[in-house]
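Heavy atoms only: backbone and side chains are in, while hydrogens, waters and symmetry mates are out. Residue numbers run from 1 in the order of the sequence given.
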Amino acid sequence: MRKHRKLTAAIVIALVVLGAYGGACEYFYRVAFIPSTKTFLNNKVSKREQANRDWLAAVHKQTWTQTAVGHSDWQLKADYVPAASKSSKTVVVAHGYMNTKEDMAAYIRMFHNAGYNVLAPDDRGHGQSDGTYIGYGWADRRDYQKWLQQLLRREGSQQQIALFGVSMGGATVMYLSGMNLPKQVQAIVEDCGYTSVDAELSFQAKSMYNLPSRPLVPSVLRLAQLHTGVDYPAASATRALKKNNLPTFFIHGAQDKFVPTKMVYANYKASAGEKKLWVVPGARHAQSELKHPAEYQHRVLNFLSTHLR
């Protein structure tokens with residue numbers, strides 16, 4: 001009888017622990033993967049950023065649409081900003097986590113002023129695009145393949161294309177580097193992208209909550225896969241970059257505490273093609289252009305002019 005009570009108590013305790021663990025995984029899934037206002041992000045808009053947003057709102061542009069891969073009922077939207085003088089050179093711009101194409105206004109303006117066309121989508125679940133989850137660039141990479149196909153249909157096969165992304169957008173373009181891209185894609189610039197979704201969430205679990213990454217993060221990733229159908233555990237920029245033969249410029253802030261600076265060295269090492277690295281002194285996460293605007297512009301535009309001729 002006593003053994004029976006002990007076994008029952010052990011089972012009850014195990015069920016309570018499992019229930020609490022399952023609840024914790026569900027909580028972290030919602031924090032990390034469901035589009036919403038995130039209190040841990042800085043949503044303040046500086047005067048400089050607002051001026052760039054105002055410019056983007058006023059500049060001549062087109063709205064392009066397409067459906068999300070795997071979700072024909074989700075409509076995705078993008079801004080296409082043609083160059084002031086006709087050009088066959090286009091930069092495709094990928095934004096960051098819980099950002100929008102409007103948050104990329106400074107970069108769009110930089111490329112536009114340099115004579116490039118710019119295509120800037122809102123990722124699924126962001127901005128004006130439909131979607132119920134955050135793709136972390138991994139789900140979005142297939143949407144960007146479709147944007148590239150649309151760009152070539154509309155603007156012609158003579159296009160010379162560069163991919164540019166910041167933070168999650170940096171991861172997006174690195175994921176794309178390992179895919180079968182059109183021959184018109186000739187260069188990549190990634191700014192402060194992470195090595196993998198697993199590694200980034202593991203870092204945040206420790207940084208934000210002081211929690212060990214195992215077994216929490218693998219469980220959350222599998223739960224996210226169950227909810228969304230996206231294989232997040234497979235999302236590795238370093239693995240994709242091993243297949244990359246495109247010239248790639250890696251940029252990362254030396255003081256990045258959100259996507260740790262050490263990740264750029266792993267990504268740079270993994271890339272198989274021609275590559276450059278700039279670790280930006282004094283820059284925090286996604287602040288390299290803000291910290292050194294003139295040098296940032298010079299380095300990025302010089303890289304593109306070298307490879308898009």
Closer than 4.0 angstrom, basic N to acidic O: yes or no for R53 and E49? no

Taking the side chain as every heavy atom from C-beta outward, state whether E200 and P260 have any atom pair closer than 4.5 Å. yes

Shortest non-hydrogen pair, S213 vs P218, comes out as O-CD, 3.4 Å

Only one of T238, N244, N245 passes side-chain hydrogen bond (donor to acceptor under 3.5 Å, both in side chains) with S271; say which it is. N244

So, do Y232 and W138 have ring centers that fall under 6.0 Å from each other? no

Less than 4.0 angstrom from a charged side-chain N to a carboxylate O is my criterion; do D198 and R214 meet it? yes

Distance alone, cut at 3.5 Å: any donor-acceptor contact between the side chains of R284 and Q287? no

Flag side-chain contact, heavy atom, 4.5 Å: T67 against Q75: no

Count I, L, V, M, F, W, Y as connected when their side-chain heavy atoms are under 4.5 Å apart, and connections chain through other members. Are L290 and F249 then in the same cluster? no

From SG (C192) to NE2 (H285), nearest 0.5 Å: 4.0 Å

How does the hydrophobic cluster around V92 look, that is, which other residues are in it when side-chain heavy atoms under 4.5 Å mark a link? W64, L76, Y80, L119, Y144, W147, L148, L151, L152, I161, L163, V173, L176, M179, L181, V185, I188, L246

Looking only at the side chains, is there a donor atom on one of Q66 and K77 sitting less than 3.5 Å from an acceptor on the other? no

Any chain of hydrophobic side-chain contacts (each under 4.5 Å) joining M168 to F203? no

Assess the side chains of S129 and D122: does a donor N or O sit below 3.5 Å from an acceptor N or O? no

If you define the side chain from C-beta out and look only at heavy atoms, does anything of K101 sit under 4.5 Å from P121? no

What I want to check is whether the side chains of R153 and Q149 have a donor and an acceptor closer together than 3.5 Å. no

Can a donor-acceptor pair be found, under 3.5 Å and without considering hydrogens, that links the side chain of Y107 to the backbone of F164? no

Do F40 and V45 sit in the same hydrophobic cluster, where Ile, Leu, Val, Met, Phe, Trp and Tyr count as joined when their side-chain heavy atoms come under 4.5 Å apart? no

If we ignore hydrogens and angles and just use 3.5 Å, is the side chain of Q184 paired with the main-chain N or O of S157 as donor and acceptor? yes

Atom pair CD1/OG of I134 and S36 - distance to nearest 0.5 Å: 7.0 Å

ring-ring contact (aromatic ring centres under 6.0 Å, His included) involving Y209 - partner list, sequence neighbours excluded: F28

N-O pairing of E289 and R48 below 4.0 Å: yes

Between the CG atom in L41 and the CE atom in M98, the distance rounded to the nearest 0.5 Å is 8.0 Å

Considering all heavy atoms of both residues, which atom of A240 and which atom of S177 are nearest to each other, and what is their separation? O-OG, 3.9 Å

Which word best sums up how the rings of H126 and H95 line up, parallel for under 30°, tilted for 30 to 60°, or perpendicular for over 60°? tilted

Tell me whether K38 at atom NZ has more than 12 heavy atoms from other residues, nucleotides or ligands lying less than 6.0 Å away. yes

Linked, directly or transitively: Y136 and W74 (ILVMFWY side chains, under 4.5 Å): yes

Looking only at the aromatic ring of each residue, does the gap between the centers of H112 and Y116 stay below 6.0 angstrom? no

Between D130 and R124 (salt bridge meaning N to carboxylate O under 4.0 Å), is one present in this structure? no

Do the charged groups of D79 and K61 touch, with an N to O distance under 4.0 Å? no

Ring centres under 6.0 Å, that's the criterion: do W278 and H252 meet it? no

Other hydrophobic cluster members with F250, side-chain heavy atoms of Ile/Leu/Val/Met/Phe/Trp/Tyr under 4.5 Å, chained? M174, L241, V264, Y265, Y268, L277, V279

Between the side chains of S88 and Q159, is a donor N or O closer than 3.5 angstrom to an acceptor N or O? no

May I ask you to check whether over 12 heavy atoms, not counting those of N43, lie within 6.0 Å of atom CG? yes

Under 3.5 Å, is there a donor-acceptor pair between the side chain of S167 and the main chain of G169? no

For the residue pair D191 and Y296, confirm or rule out a side-chain donor-acceptor distance under 3.5 Å. yes

Quick one: closest heavy-atom pair of A139 and Y133, and the distance? CB-CE1, 4.2 Å

Identify whether W55 and V91 are in the same connected component of the hydrophobic contact network (ILVMFWY, side-chain heavy atoms under 4.5 Å). yes

Main-chain N/O of D123 paired to D140 side chain as donor or acceptor, under 3.5 Å: no

Rounded distance [0.5 Å steps], CG in L226 versus CG in L221: 12.5 Å

Centroid separation F33 to H227 less than 6.0 Å: no

